[in-house]
Amino acid sequence: MSMPNKETFLIGLVGVHCLAVAFVALLIMIVAGCARMHMEYLPGLEGPSPLRAIGPLTFVVGEFKDPTDNRVIIKALLSPPALRSTMEQKPGEIVRTAIAAELVRNGHRVLPDQDAEKADVVLDGAVVDFKVTISGAGMWRQKFEPTVTTTLRLTSNGEPRRILLSKEYKGVAEPFRCVLCPSAWGQRDIAEELLKRALRSLVRNITLDPAFLDALKEINK
Amino acid sequence: MPFLGFIAVIVMVPLMITSCASLAPESPLVIPKTSQLQHLHKVALSASVSELKVRYARDEASILPAFLGIAGPFIGLLPYVAGEFIDYGVRSSQDTMIKGQFQDTIQGWSISERLSRYTIEEINKGSVFHLDAAQGRQPSQLISDGYDGLIDIALDEIYFQRDGTSDKLHIFLRGTGKMIELATGSVVWKREELTATHLSHSISEYTAGRGHLLKEEIDNLLHELSFRLASDLVYAQ
């Protein structure tokens, strides 16, 4: 058996190195991609709000249904389950927690679900979208676009009990664009931050909506 | 040649793994306090608008770099980079053309005047202080005219952006409100707001009928932006 010459040996060496790099990259993507996101934070809503100008009301923030139960926020490589970033909490629960926190911050009381009869107002709804879409333009250019949309129903618990508002709200956050974009774990951080910004915008859109405020003022009369 | 392909993979994969591309931090918020606002009796407001931007063609998935990318490992790194540059250049010029179309449509329609008027209307609803427009007047001139504060409303960005992968566009307005106490020069309020259209439309829909829809959508967003910025001052504690 003849010994490989120097050129063949070098080609083989580079090939092995390439395979090793590709293998390590794939391994990192799998490990980082399937980690679970933690979204049990409250968005950093600060500053004055018209909600505070309305006399204190008691709320029950009921269920925000999530028909799709979509906790996957990043899909990678044709989306095999091992290469997805998922959230720890359901989107419906995240939206509900954020709305309740904003009500409490502005001097209102939020009662547990079982006390719904004692509340002045019941809020509930359904999450339409809670995701970050990554679209590519070119080989290394990508756009991360968050979409947070929910429907909201506001029910007055007085006599007669009636629905005063039923509307769809959307959270807006500026998309993120990158060239030579980060790998799975970097993408997850970006997606998480974009969702936080969109969620904060959603809560602000609800609490600054004149129709929402008018409905609360009517209950408070 | 195959070596160049290998080198491309060896160079690019670690770069993508270690890429530190991250989101720009948000502008810090300064919350107004009633105690600070009480000292301000006469306030001037000036509004400024930056240039319109379009990101439509550049956000569309392209074939050229992808094609060269597939070929890349066999023929080297250069075609990747060249493909990206050519593609980006062509698409940027397409976006510039669309921007020209939109600018022609809204020519003579003053966004800054509207932004100024709507914000004054919204803030005056709260009767916080006497407020009027002070377009182009210097702080020193305002002080000698008896003003205590200056509100600067800047529409930092007005841009059209592709809605996902569809052929329609959303309009985004990003604005910053800032109030300065003229005597001390201190910033007593600062907030950044972003508003966007609920529905996206095609270029032809925006420009049809002398841009009726385009003007209507921008006008609605200006109202929304003014209301959101003004609420901080109206409901300050």
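Reminder, nothing fancy here: chain letters follow the sequence lines and each chain counts from 1. Just so it is clear, the structure is predicted and the values come from calculations on it, not from any experiment.
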Checklist line | Side chain, backbone, both or neither of Y88(B) within contact of chain A (heavy atoms, under 4.5 Å) | finding: both
Next item on the list: Identify the two heavy atoms, one from S231(B) and one from P48(A), that lie closest to each other, and give their separation to 0.1 Å.
Entry: O-CB, 4.4 Å
Item checked: Partner residues of D209(A) under the side chain to side chain contact (heavy atoms under 4.5 Å, CB included) criterion, sequence neighbours left out -> K167(A), Y169(A), A211(A), F212(A)
Next item on the list: Nearest 0.5 Å please: distance from the CD atom of E46(A) over to the CD1 atom of I31(B).
Entry: 4.5 Å
Margin query: If we define contacts as heavy-atom pairs under 4.5 Å, which of H170(B), E193(B), E157(B) has the most with chain A?
Written below: E193(B)
Notebook entry, point to check: So do E168(A) and H198(B) actually touch side chain to side chain, heavy atoms under 4.5 Å?
Noted result: no
Note to self: For a side chain to side chain contact (heavy atoms under 4.5 Å, CB included) check, start with the C-alpha distance between E145(A) and Q161(B), then their side-chain angles and the critical distance, and finish with the verdict.
What the structure shows: CA-CA 11 Å; E145(A) 208 171 1; Q161(B) 184 186 273; 3.4 Å; yes
Check: Can you find a heavy atom in the side chain of V172(A) that is under 4.5 Å from one in the side chain of F172(B)?
Finding: yes
Next item on the list: Please tell me if the side chains of R177(A) and R55(B) come closer than 4.5 Å, counting only heavy atoms from C-beta onward.
Entry: yes
Next item on the list: Tell me, out of S201(A), P175(A), P210(A), who's got the most heavy-atom pairs with chain B below 4.5 Å.
Entry: P175(A)
Notebook entry, point to check: Heavy-atom count around K178(B) NZ within 6.0 Å, excluding the residue itself: above 12?
Noted result: no
Checklist line | E174(A) versus L194(B), closest heavy-atom pair with distance | finding: N-CD2, 3.5 Å
Notebook entry, point to check: Who are the side chain to side chain donor-acceptor pair (under 3.5 Å) partners of E122(B), not counting sequence neighbours?
Noted result: K125(B)
Check: Does a sphere of radius 6.0 Å around NZ in K65(A) hold more than 12 heavy atoms from other residues, nucleotides or ligands, not counting ones at 6.0 Å or beyond?
Finding: no
Check: What distance separates R204(A) CZ from R228(B) CZ, expressed to the nearest 0.5 Å?
Finding: 5.5 Å
